[in-house]
Amino acid sequence: MISGAKKNLQGIDTLFIKTYGCQMNEYDSSRMVDLMQQAYGLRLVVAPEEADVILMNTCSVREKAEEKVYSELGRYRKLKEKRPDMIIGVGGCVGQQEGERIQQRAPYVDIVFGPQTYHKLPEMVNRIRRERVHLSETDMPEIEKFDHLPRPHAEGVSGFVTIMEGCDKFCTFCVVPYTRGAEISRPVDDVLAECRQLLDAGVVEISLLGQNVNGYRGIGPDGEEWDFTMLIYAVAGLEGLRRLRFTTSHPMEMTPELAMAFGEIPQLMPYLHLPVQTGSDRLLRAMHRGHDRDTYFRIVDELRTHCPDLALSSDFIVGYPGETDEDFAQTMDLVRRVGFDSAFCFKYSPRPGTPAAKADDNVPEDVKDERLQTLLACMREQAHAAMQRQVGKVLDVLVEKPGKREGDMQGRTPDFKIVHFRGRPRQIGQIMPVRIVEAYGQSLRGELIVAE
Ligand code: SAH
Ligand code: SF4
Ligand code: F3S
């Protein structure tokens with residue numbers, strides 16, 4: 001059983017954790033650290049060679065992500081040859097998908113676990129020390145894990161709270177519903193309690209996380225089901241919260257109330273990641289995205305009516321099976337019509353077990369490459385224009401940390417752009433007006449309006 005008392009196991013003092021994938025994995029990794037620190041008092045180290053326990057939190061959304069896991073594991077194998085007592089664990093979405101196959105391919109891996117079972121880590125580590133067994137734990141019990149996690153620790157001014165797990169959308173190309181399981185929302189009170197803990201620890205900005213956060217349907221304190229908009233009004237009302245964000249949203253779960261919330265809730269920041277994948281109606285249908293391009297345009301119009309400064313970002317896939325030049329032209333048309341501040345663009349990668357993987361991956365690699373480059377070039381242009389539009393404005397910047405240059409501080413604008421300016425470390429956590437003077441590719445340069 002997991003006990004709250006620190007009981008350092010002999011020879012286990014240090015933990016190294018490597019995280020791949022989405023923000024939900026980042027959140028899970030930070031909770032694994034909380035858990036291992038609470039259970040064993042382990043110290044987190046930044047070099048794997050210093051670690052008694054090495055954990056990898058993995059992603060299997062594209063083939064490349066999965067391959068990285070095995071190449072990284074090769075490095076750890078060498079470390080373990082020198083120190084056979086070292087414990088190596090592979091968690092996350094590759095852990096879930098591959099299960100014991102990982103240990104067949106890499107027998108020096110001691111533990112395999114999935115995104116829903118990491119709360120059992122201390123127990124598994126314990127057993128390995130006692131019995132020297134290999135363990136694999138990839139069942140999907142409801143979301144009991146949240147009931148077993150300690151208080152979150154907060155680093156910095158921003159915190160993350162996972163409000164729902166899994167995905168029921170089953171887009172034809174995507175592995176997430178298989179690795180993370182069914183969509184389950186945490187109860188409203190649990191979400192609020194975790195947000196309060198972060199705020200008490202000094203966080204001023206909270207991001208709510210889930211694969212489809214806006215599909216949230218959790219039990220409220222009144223015993224009724226609350227939707228996402230109700231939840232964000234409640235979170236926004238928490239004392240001490242200055243900024244609220246959320247990711248990722250699905251177009252099918254956008255409601256007029258949520259669009260309106262962007263105009264009504266001052267803490268809700270004008271930035272939305274709303275993946276569309278393609279601009280072709282034919283492919284949107286083939287992918288089972290559940291909406292057409294006109295619906296996407298309508299949603300964007302509605303959002304911009306309530307929040308004219310909203311920065312939009314999105315995800316795109318090029319080279320989905322059967323994608324024609326005409327389909328791709330529709331994607332480019334959508335991008336130009338909407339105008340994004342940023343986007344993640346991917347080449348289609350067949351994932352084992354998904355419906356799309358049964359179709360012929362028939363867009364030639366060089367065509368995928370060419371389309372990706374065309375899309376990226378357009379995105380760079382749009383991102384650059386979005387940055388340039390900020391020059392001359394005075395924006396509220398949440399000061400996050402020292403910048404790379406001596407005497408610089410770094411913060412974020414409401415629409416999530418990075419700003420560097422001359423400032424002082426004691427300004428961390430404050431929201432300060434900054435005049436934007438210059439735009440670079442990935443960041444802005446500004447000057448504090450009020451000196452000192
Ligand atoms: N839940 C989010 C995103 C999940 S995965 C959503 O529905 O929008 C993040 C992104 O990875 C997806 O939006 C998609 O663009 C990309 N992706 C997922 N599976 C992929 C695959 N098989 N090949 C290429 N890109 C993929
Ligand atoms: Fe994957 Fe689609 Fe679910 Fe997003 S909504 S996680 S793309 S299945
Ligand atoms: Fe990757 Fe799993 Fe997140 S597949 S994108 S780590 S949900």
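Just so you know, these numbers come straight off a predicted model, no measurement behind them. In each ligand, atom 1 is the first atom listed, and ligand 1 is the first ligand listed. Along the sequence shown, residues are numbered consecutively beginning with 1.
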Is any protein N, O or S atom closer than 2.8 Å to atom 3 (Fe) of ligand 3, and if so, which?
C22 SG

Could you list the atoms of ligand 2 found under 4.0 angstrom from a heavy atom of R289?
2 (Fe), 7 (S)

Determine which pairs satisfy salt bridge (Lys or Arg N to Asp or Glu O under 4.0 Å) with at least one residue from residues 200-209, sequence neighbours left out, and list them in order.
E205-R245

Of all the atoms in ligand 2, which lie at a distance below 4.0 Å from a heavy atom belonging to K169?
3 (Fe), 5 (S)

Whether K347 lies under 4.0 Å from ligand 1, heavy atom
yes

At what distance is the nearest protein heavy atom to atom 1 (Fe) of ligand 2, and which residue and atom is it?
C174 SG, 2.3 Å

Atom 3 (Fe) of ligand 2 - nearest protein heavy atom and its distance
C167 SG, 2.2 Å

I'd like to know if R289 contacts ligand 1, where contact means a heavy-atom distance under 4.0 Å to any ligand atom.
yes

Name the closest protein heavy atom to atom 18 (C) of ligand 1, giving the residue it belongs to and the distance to 0.1 Å.
V61 CG2, 3.4 Å

With heavy atoms of H250 as the reference, note each atom of ligand 2 found under 4.0 Å away.
5 (S)

With heavy atoms under 4.0 Å as the rule, classify the contact between R62 and ligand 1 as side chain, backbone, both or neither.
side chain

For atom 3 (C) of ligand 1, what is the closest protein heavy atom, and at what distance to 0.1 Å?
Q211 OE1, 3.7 Å

Ligand 1 N/O within reach of F346 N/O, cut-off under 3.5 Å:
no

For V175, which part has a heavy atom under 4.0 Å from ligand 2: side chain, backbone, both, or neither?
neither

Note: ligand 2 atoms sitting under 4.0 Å from heavy atoms of C171 are 2 (Fe), 5 (S), 7 (S), 8 (S)

Among protein heavy atoms, which lies nearest atom 9 (C) of ligand 1, and at what distance?
D315 OD2, 3.6 Å

What is the closest protein heavy atom to atom 22 (N) of ligand 1, and at what distance does it sit?
S349 O, 2.7 Å

At a non-hydrogen distance cut-off of under 4.0 Å, which region of P275 contacts ligand 2 (side chain, backbone, both, or neither)?
neither

